[in-house]
**Student:** 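Can you keep this structure in mind? I'll have questions shortly.
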Amino acid sequence: MDTEIKENELDIADLVNEAIEKHGATRDAVVPILSEINRTLGYIPASALPEIRRHIHVPQEGVFLADSHIYSAASFYHLFSLKPLGRHIIRFCESAPCHVMGGREVIQAIQDELSLNPGETSNDMKWSLITTSCVGICGVGPVFLVDDDVYGNVTSERVPEILARYQ
Amino acid sequence: MKVIRSMVLVSVDQASLERGAEKVFHAFIEEIEEFGLSDQIAVSTIRDVGVHEDVPLVIVYPDAAVYAPVRVEDVHTIVEEHLFKGNIVPNLLAMMRGLVPEIAWMRDRRGALPVQKRIVLERAGIVDPGSIEDYILYDGFQALGKALTQMTPTEVITEVDKSGLQGRGGAGFPTGRKWSFVASTPGDIKYVICNADESEPGTFKDRLIVEGDPFSIIEAMTIVGYAVGAHDGYIYIRGEYPLAYRRIGHAIQQAEQYGLLGNNIFGSDFGFHIHPHAGAGAYICGEETALIESLEGKRGMPRARPPYPTTYGLFGKPTVVNNVETLANVPAIIRNGAVWYREVGSPKSTGTKVYTILGNVNFTGVIEVPMGITLREVIDIYGKGMKNGKKLKLVQTGGSSGTIAPASLQDTSMDFDSFRNAGVSLGSGALLVCDEDTCVVDLAKVILRFFRNECCGKCTPCRIGTLRLYEVMTQISEGKASISDLDLMLKISEAMSEVSNCGLGQTASTALRDILKYFREEIEAHIADRICPVGVCPIAVDAPELLPVL
């Protein structure tokens, strides 16, 4: 799915409304609301931030919130992205356990296969390669995720075969 | 793969050596070879057996039988009777009164290994995590019923206090005492938070508990609510654990349908509600005040303390924050009593501990064992030995913020006190086993990179310190550093642990300091000789100044 088309199709305001209906319009719902949007679109568009704030900022009730408050939360958490990512996101665990179990060779194999450095998105918007901290599946390290699929006990030889499964 | 089913340890302290320990050691290897058991039985040495008259001492696992004094002539009998036929040889066993406490205690639990002792993970993998009936069938909600109908809130706290339960999140703070702080703070509104933001690299015990036995956490949180006078609880589950989040949500629904959550639980006038909350990816949110900030919808940055959450927590109200594993112990303690719980583990650190075994061992995974077993036992019995028969170099205990234990510390008993005395932290229970092919510079670089990425940026020593340490370590790995950089790193590390605002900055350089303490020579080789002894680091070998003049 092309993120741009999707953004046009779905009005951001509608999306925010939906999320607020589900999680409430209170300050402590900010992170769940952002999660919801990030999950649906793959990233959090800038236009969503003032939209969220509009619902939660209620001076009459003593709740004061600026756009920057929403932005500060949106820019803090690793699972959120403020710019569109590729259709498939590879999250590679770069923490010590996976590293010790051979992660170094695997990330190199992924980089070679896709000609991408960590943090980059391919020009055709197919792949984003992100390194992440421990994802808690260390028993089968090295580990990486492609979208929601988990791959454990990976070797560099298996990398091309795994990536070929994605269109 | 070599599957070690048994292990023989021969004491090699000075006194033992004088009385022929070396000959005994070799006799064991020969006899085991003779019986064709070499593939199943490992022979190793143990240095620290305390002052002991009857040496050499021989410990045989998994039975933890202690033989002493062992003469070369006895070896044949022990191998034939015990290792080959499986019968302990009573007349060769050590006299109990002659043993130092640690060894005596090891012998005491003879037969207890390698069977795990499960309290926390008792039901995980046995019950259907989606079925409250299953949970109830396995003693579920008995503890809550007992607490609500037969005990006062103070009695609940006293029972947990007497059990000696210590927080399993890493710090080891007495749980009962934490509860009593919140209970004694005046106020109508109080909160209970279950910290399931388990982000310490190499730790996934909490995920297994929440995914495998979600109802136990709900029951435990309700008990805490009753004990401290709270009516609302939050479970903060890290964003990377979607399955755990779904299971908890489902469990809460079912408990509400059964009247085990909500108003008037068990017909009492006590009511309790639990709200699940998913994080969005931030290691720092495992720190309790950062978690609270995050719950309030802000950046997860730790607060200055005091005030502690027990007086000023979520939305400014008194709040108990407990780790998942800590909570999972609570129903069993209430159900069976403090006395029962104290029988498990070592006297000062009671109960069990869930460890994750990772790295270069044959078998990785999670175990729950009584407090106080040793690293060697974990590696050989549960990890089934080192992978590819390599030598153990070091173990990082407690995740990335934890300490580095060199191979020489592998016979230290793993409980809060003994570890603290040896300068090792138990932390989150992650045990990252590294073999001789691990370069300490490379390992330190990975650990420091983690902290550079996860530092929240609130306080300067941590923000600048984590970045600078990573930069210097990278330079060392590239052969571009000087020896004085090591002192610089120590200085930064010291400043960080003294003045950082929270645990992240205070412990970010723990591993680095230990590596400098135990493996300084290896680091210096990178700098002075520009070689990586293990051959991992990208030191440019074709640098002009290194080319020999032909």
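Everything numeric in this text was worked out from a predicted model, so none of it was measured.
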**Student:** Could you tell me whether B:Tyr355 and B:Tyr382 have their ring centroids closer than 6.0 angstrom?
**Tutor:**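 No, ring centres 6.0 Å or more apart.
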**Student:** Top residue by heavy-atom pair count (under 4.5 Å) with chain A, among B:Asn453, B:Leu358, B:Asp435?
**Tutor:**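 Of the candidates given, the most pairs with chain A belong to B:Leu358.
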**Student:** Checking an interface table here. Which of residues 55-78 of chain A come within a heavy-atom distance under 4.5 Å of chain B?
**Tutor:**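 Listed by number, the contacting residues are A:Ser72, A:Ala73, A:Ser75, A:Phe76, A:Tyr77, A:His78.
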**Student:** For chain B, find its close neighbours in residues 159-167 of chain A: heavy-atom separation under 4.5 Å, sorted by number, or none.
**Tutor:**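 Listed by number, there are no contacting residues, so the answer is none.
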**Student:** Rounded to the nearest 0.5 Å, what separation is found between the CD atom of B:Glu240 and the CZ atom of B:Arg207?
**Tutor:**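 Answer for the CD-CZ pair, B:Glu240 versus B:Arg207, is 11.5 Å.
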**Student:** Evaluate A:Gln108 against A:Asp112 for side chain to side chain donor-acceptor pair (under 3.5 Å), listing each step before the verdict.
**Tutor:** CA-CA 6 Å; A:Gln108 195 55 50; A:Asp112 293 348; 3.2 Å; yes
**Student:** Using the six-membered ring wherever Trp is involved, compare the ring planes of A:His88 and A:Trp127 and label them parallel, tilted or perpendicular (cut-offs 30° and 60°).
**Tutor:**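 Aromatic pair A:His88/A:Trp127 classed tilted.
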**Student:** Taking B:Thr289 for its side chain and B:Pro302 for its backbone only, find out whether a donor-acceptor pair lies under 3.5 Å.
**Tutor:**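 Looks like no, no N/O pair under 3.5 Å.
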**Student:** Taking B:Gly457, B:Ser294, B:Ala430 one by one, which has the highest count of heavy-atom pairs under 4.5 Å against chain A?
**Tutor:**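 Top option by heavy-atom pairs under 4.5 Å: B:Ser294.
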**Student:** CG of B:Leu394 to CD of B:Glu436: how many Å apart, nearest 0.5 Å?
**Tutor:**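 Going from the CG atom of B:Leu394 to the CD atom of B:Glu436 covers 11.5 Å.
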**Student:** Are more than 12 heavy atoms from other residues, nucleotides or ligands located less than 6.0 Å from atom CG of A:Asp148?
**Tutor:**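 No, not enclosed.
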**Student:** Looking at chain B, which one of A:Ser35, A:Pro32, A:Ser133 has the largest number of heavy-atom pairs inside 4.5 Å, strictly under?
**Tutor:**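 The candidate making the most pairs under 4.5 Å is A:Ser133.
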**Student:** Check whether A:Arg104 gets within reach of chain B through its side chain, its backbone, both or neither, counting any heavy atom under 4.5 Å.
**Tutor:**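 Contact with chain B involves the side chain of A:Arg104 alone.
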**Student:** Which one, A:Val100, A:Thr26, A:Val30, A:Val31, leads in non-hydrogen pairs under 4.5 Å with chain B?
**Tutor:**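 That would be A:Val100.
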